[in-house]
Amino acid sequence: MRTGLQLEPDELAVVCRARFRVGIVVGLIVCASVAMIGGVAYFALVRSQDSLIQRELATAVASADPSGPPNCVWQIVRRDGVLTTGRAPAPAGFPLLADMDAAARGEVRVTAVPSGDTVYHVRTQARGADIVQVVFDARYQLADRRHLLLALALAALVGLVAAGFAAMVVGHQAVRPLAEALTRQRRFVADASHELRTPIAQVHTRAQLIARRLSRSDPGGQNAELDRLVGATRRLGEIVDELLLSARLAAAPASSPDGPIDLAALVESSAAADVDRAAEQGVTLTLTRPDDPLPVTGIESALRRVVGELITNGLRHTHPGDRIAISVAPVAGQVELVVADTGEGFDPAGAERMFDRFHRGGSDERRFGLGLALLREVVTGHGGTISAAGRLGQGATFTVRLPLAVPWKPSAGTQRSHN
């Protein structure tokens, strides 16, 4: 769907669903209108033809001359047990002697006899001392009905095509305000986040300076409160950065990439940057990657954020003695990045909800739900997938798959590991 507006995948899905529903409603209205008009026309034609047939039968019965009825009408007269027909023999199977016998007893018989591709309408009654049976061939009336049905079918087909076109136009116009509203919302988040970054950074810096000065002048004073203030401003800055990155990804998705990026090298550099932090926590960080590059198309800063956030998430939920194993390898035309830890883990029932915005879970105080939700936005924006698996107390595994930019051809000695 092309709206001329930049939307996130989930927002685009909402707009597409709205457009589809509007199109379905328009199509149903058009088709129902054609069916209703066609049904009325067909019903009117059938009523008119039935009335005409009955008039023709009544006129032919009243006629005293068997040779007088028009084409497609046969008059058979039984007089003193002798049958007389008009200018042409009656169709096969006629006369209906049982109906003539009934007419001799004073009954009026009106029947319809199907035969091949036509229907014969028959009226039998007494006319004075004679018994008259009139046979009407309705083949031309049935042909008119078939022609009308064919015309209605063609009209319905044309109406369906017109409905599809109208659905596209009406659906596009109907959901465009929604798309514009979502885009304005995204633009507002980007603008607000951009404007907030500088004052928040200034508050964070000043809080750090005050904490340092106070620690020198009053070591046992209000350091704990200032430390909380510094931590709060740091977390607030991280949230603003995440909002800004999310807005930037929506405004400039992976359709405007930096170029082919060696994901293996990017993962290695990100892991190297966190080795010291992992060592301080007593956590072992390992990396397994191939010697050859693994190129993907995308935005380098966004992909680096994905890798860094997965490693940070692992460090946040591990303890001294735990391990974080990172691996990156080609799998079926994709690059698979796996970050597995032996830390706290999580409830498997909440694996999918972990990627929802503002989802809360676990005991960690920083559960704003933006980090993992942002990762999913980045990965899906690059045409990939991200999933999580784990169990409480048995660690967690996050798997990211991104399409390879070019077919991968391994060379000798393709795997190497780092600690």
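Ion pair Asp101/Arg109 not flagged as a salt bridge, since none of the NZ, NE, NH1 or NH2 atoms sits closer than 4.0 Å to an Asp/Glu carboxylate oxygen. Salt bridge present: Asp50 and Arg145 bring a charged side-chain N and a carboxylate O closer than 4.0 Å.
The two residues Ala126 and Ala103 make their nearest non-hydrogen contact at CB-O, 4.0 Å. Ala264 approaches Asp292 most closely through the heavy-atom pair CB-O, 4.5 Å. Summarising the geometry of Ala62 relative to Arg127, their closest heavy-atom pair is C-NH1, 4.0 Å, with the distance given to 0.1 Å. Of all the heavy atoms in Val119 and Ala112, the pair that sits closest is CG1-CB, 4.0 Å. Closest non-hydrogen pair, Ser270 versus Val307, comes out as CB-CG1, 3.6 Å. Nearest heavy atoms, Pro95 versus Leu83: CG-CD1, 3.8 Å.
Arg277 CZ to Thr312 OG1: the interatomic distance, rounded to the nearest 0.5 Å, is 4.0 Å. Atom-to-atom distance recorded for Arg146:CZ and Arg139:CZ is 9.5 Å, nearest 0.5 angstrom. From Glu336, atom CD reaches atom OG of Ser327 across 6.5 Å, with rounding to the nearest 0.5 Å. The line from CD1 of Ile261 to OG1 of Thr297 is 8.0 Å long, rounded to the nearest 0.5 Å. For the atom pair CG (Asp274) and CD (Gln281), the distance works out to 9.5 Å, reported to the nearest 0.5 Å. Atom-to-atom distance recorded for Leu285:CG and Asp322:CG is 12.5 Å, nearest 0.5 angstrom.
The side-chain heavy atoms of Thr286 and Thr288, taken from C-beta on, include no pair separated by under 4.5 Å. Within the 4.5 Å cutoff, side-chain heavy atoms of Ile326 are placed close to those of Leu337. With a 4.5 Å cut-off on side-chain heavy atoms, Met100 and Ile76 count as touching. The side-chain heavy atoms of Trp74 and Phe94, taken from C-beta on, include no pair separated by under 4.5 Å. Put simply, the side chain of Val73 does not reach to within 4.5 Å of the side chain of Thr59, judged on heavy atoms. Using a 4.5 Å heavy-atom cutoff, the side chains of Leu263 and Pro295 are not in contact. In this structure, Leu310 and Val400 have side chains that are in contact, with non-hydrogen atoms separated by less than 4.5 Å. Contact of the Gln49 side chain with the Asp144 side chain is registered, since non-hydrogen atoms from C-beta on lie closer than 4.5 Å.
The only option from Arg323, His319, Gln394 that meets the side-chain contact (heavy atoms from CB on, under 4.5 Å) definition with Thr342 turns out to be Arg323.
Judged by distance alone, with hydrogens and angles left aside, the side-chain atoms of Gln75 form a donor-acceptor pair with the main-chain N or O of Ala60 at under 3.5 Å. When atom types are taken as modelled, the side chain of Ser269 and the backbone of Leu266 share a donor-acceptor pair closer than 3.5 angstrom. Checking side-chain atoms of Asp341 against main-chain N and O of Ala396 turns up a donor-acceptor pair under 3.5 Å.
Heavy atoms of other residues, nucleotides or ligands lying less than 6.0 angstrom from CZ of Arg391 number 12 at most.
Using cut-offs of 30° and 60° on the angle between ring planes, the pair Phe346 and Phe398 is tilted.
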Task: Steps toward side-chain contact (heavy atoms from CB on, under 4.5 Å) verdict (Asp117, Leu142) - done: CA-CA 9 Å; Asp117 59 349; Leu142 294 177; over 6 Å; no

- [ ] Assess whether side-chain contact (heavy atoms from CB on, under 4.5 Å) is satisfied between Thr124 and Val61, documenting all intermediate values.
- [x] CA-CA 8 Å; Thr124 309; Val61 167; over 6 Å; no

Open item on the list: Pair Gln141, Leu45 - check side-chain contact (heavy atoms from CB on, under 4.5 Å), show working.
Closed with: CA-CA 9 Å; Gln141 286 73 17; Leu45 176 65; over 6 Å; no

Open item on the list: Show, in sequence, the C-alpha distance, side-chain angles and deciding distance for Arg289 and Leu294, and conclude whether the side-chain contact (heavy atoms from CB on, under 4.5 Å) test is met.
Closed with: CA-CA 9 Å; Arg289 57 151 295 182; Leu294 293 175; over 6 Å; no

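One side chain, Arg55 or Ser51, offers a donor N or O that lies under 3.5 Å from an acceptor on the other.
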